[in-house]
**Student:** 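To start, I am sharing the structure in question, which I have written as structure tokens.
Order of the sequence lines fixes the chain letters, A, B, ..., with proteins taken first and strands second; residue numbering starts at 1 for each chain.
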Number of protein chains: 2
Amino acid sequence: MSHISNGVEYALHCLLFLSGRPGGAREASVRDLADLQGLPADYMAKLFTKLSKAGLVRATEGVRGGFALARAPAAISVLDVVDAIDGGKALFECREVRQRCAVFEGNEPDWTGVPPCTIHAVMLSAEQRMREELARHTLADLAHRVATVTPPAYNQSVVTWLDTRAASKRPGRAES
Amino acid sequence: MSHISNGVEYALHCLLFLSGRPGGAREASVRDLADLQGLPADYMAKLFTKLSKAGLVRATEGVRGGFALARAPAAISVLDVVDAIDGGKALFECREVRQRCAVFEGNEPDWTGVPPCTIHAVMLSAEQRMREELARHTLADLAHRVATVTPPAYNQSVVTWLDTRAASKRPGRAES
DNA sequence: GCGATGTTACTCGGATACTAACTGTCCGAGTAAGCCAGG
DNA sequence: CCTGGCTTACTCGGACAGTTAGTATCCGAGTAACATCGC
């Protein structure tokens, strides 16, 4: 299992669609976002509730509701998304092996408890480097980089796909 | 589950004992090393075979056999140990979400395959930063730092523990 | 006394559970927007 | 014309199964060192 889960990737792709819409700040439903990318919709709903609790997106309820970014794309970093989805789990969990040393025979001295253990310190610094790199990139950066790769016709077709999808479903007794 | 497993921690602690022995290059059996630190011995044996395959330690078979470092402590980095135990697994696995976009309807264009996807690139750079930090620290560095924290009496008692342990078991019909 | 045999402790590798996390699905409750019927 | 009810599509949250990786244990095979036994 990779440390950064698939959920993070799913969420980032969806957030990119949300931030990439021209004119900004329009909202989209989870189901449309998931179907557009071939992702499991129910699972995405779970991920979006996590994003909402982290304050990255804002939900509007009811019919024609959906999610929109709660902040500007430039104010949301990849690290924010990773922490929101994966819960800020540690890269490494120290098991405090030093305290189990057989030489102590049950009563370990006080110097083994001093934080952090030497090996743990190395892992913490490595994790810090990783987090710094993730924090350097924002949704705006990613969206801009994606825009340089994708042809404009693709962006247009995505917009029309979402629009026709939104138009096809309307509340009330439409099909009766 | 943390990305850097407990096995890496176990291995690093054992390697520190191996590199910290004064006079260097003496060997110790897996069972002694495990019992000294209260670690599962059978599991440690598996980890040491991984270390051996990676060329970090050298095994001598038979009675009074054991493991010794294959290189100088200054020539073994924490990254070497992580890769040997955890198999160099990726921090993030790209699922190539772009190729599933519903707009394509089965026939994705060629530009989605260009490596790597924008999100993947960010994760790769973050992983690279982490690996650089892990590669900066060697066993010699760790051993030196540990030596500044632990009292000298502790090191002496560990040596005597290992020696008495080695002396208590001898082949042949010792206990008859 | 010297070589053959046996015992012991080690490495090596496979087979097998157990546990935890991630992934994905299903379902019910609550809410807002629009449509329709009745006053 | 206006108000109340109804339908719909959404969010929200819990419950649950499948898969995978890490953790841990057990066991058998092969090997080297040393003690003992037999010549």
**Student:** Looking at every heavy atom in both B:Ile85 and B:Gly7, which two are closest together, and how far apart are they?
**Tutor:**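 Taking B:Ile85 first and B:Gly7 second, the nearest heavy atoms are CG2-C, 4.0 Å.
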**Student:** Under 4.0 Å between a Lys/Arg side-chain N and an Asp/Glu carboxylate O for B:Arg95 and A:Glu9?
**Tutor:**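 No, B:Arg95 and A:Glu9 are not salt-bridged.
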**Student:** Would you call the rings of B:His3 and A:His3 parallel, tilted or perpendicular, where under 30° means parallel and over 60° means perpendicular?
**Tutor:** tilted
**Student:** Taking CZ from B:Arg165 and C1' from C:dA9, how many angstroms apart are they, rounded to a whole number?
**Tutor:** 12 Å
**Student:** Would you indicate, yes or no, if C:dT23 has its OP1 or OP2 atom less than 4.0 angstrom from a side-chain nitrogen or oxygen of A:Ser5?
**Tutor:** yes
**Student:** Tell me whether B:Arg131 is salt-bridged to B:Asp83, with the criterion being a basic N under 4.0 Å from an acidic carboxylate O.
**Tutor:**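 Salt bridge present between B:Arg131 and B:Asp83.
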**Student:** For B:Arg64 and D:dA33, what is the distance between atoms CZ and C1' respectively, to the nearest whole Å?
**Tutor:** 8 Å
**Student:** A:Arg95 has a side chain; which of C:dG24, D:dA24, C:dT11 sits nearest to it?
**Tutor:**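 Output: D:dA24.
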**Student:** Using atom names, set out every protein N or O paired with an N or O of nucleotides 18-21 of chain C below 3.5 Å, distance rounded to 0.1 Å.
**Tutor:**
none

**Student:** Can you measure B:Leu47 atom CG to C:dT11 atom P for me and round it to whole angstrom units?
**Tutor:** 13 Å
**Student:** Expressed as a whole number of angstroms, how long is the span from A:Arg31:CZ to C:dC26:C1'?
**Tutor:** 12 Å
**Student:** Can you find a heavy atom in the side chain of A:Thr118 that is under 4.5 Å from one in the side chain of B:Leu16?
**Tutor:**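 Counting from C-beta outward, A:Thr118 and B:Leu16 never come under 4.5 Å.
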**Student:** Output all residues satisfying salt bridge (Lys or Arg N to Asp or Glu O under 4.0 Å) with B:Arg71, sequence neighbours left out; order by chain, then residue number.
**Tutor:**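 B:Arg71 satisfies salt bridge (Lys or Arg N to Asp or Glu O under 4.0 Å) with B:Asp80 once adjacent residues are dropped.
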**Student:** To the nearest Å, how far apart are B:Asp32 CG and C:dT11 P?
**Tutor:**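 These atoms are roughly 9 Å apart.
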**Student:** Rounded to whole angstroms, how far apart are CG on B:Leu91 and P on C:dC22?
**Tutor:** 14 Å
**Student:** With no hydrogens and no angle check, do the side chains of B:Thr160 and B:Asp163 hold a donor and an acceptor under 3.5 Å apart?
**Tutor:**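 There is no such pair between these side chains.
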**Student:** Report yes if the side chains of B:Asn155 and B:Val158 come closer than 4.5 Å at any heavy-atom pair, otherwise no.
**Tutor:**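 No. Closest side-chain heavy atoms not under 4.5 Å.
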**Student:** Grab the CZ-C1' distance between A:Phe48 and D:dC10 for me, whole Å please.
**Tutor:**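 About 14 Å, once rounded to whole Å.
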**Student:** Minimum heavy-atom separation for A:Ala70 and A:Gly55, please, with both atom names.
**Tutor:**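 Heavy-atom minimum between the residues: CB-O, 3.5 Å.
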**Student:** Would you mind reading off the distance between A:Leu51 atom CG and D:dT11 atom C1', rounded to a whole angstrom?
**Tutor:**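 Rounded to whole Å, this separation is 14 Å.
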**Student:** With the criterion being N/O to N/O and under 3.5 Å, what pairs connect the protein with nucleotides 25-31 of chain D, and how long is each?
**Tutor:**
unit_1: D:dT31; atom_1: O4'; unit_2: B:Glu61; atom_2: OE1; d: 3.4

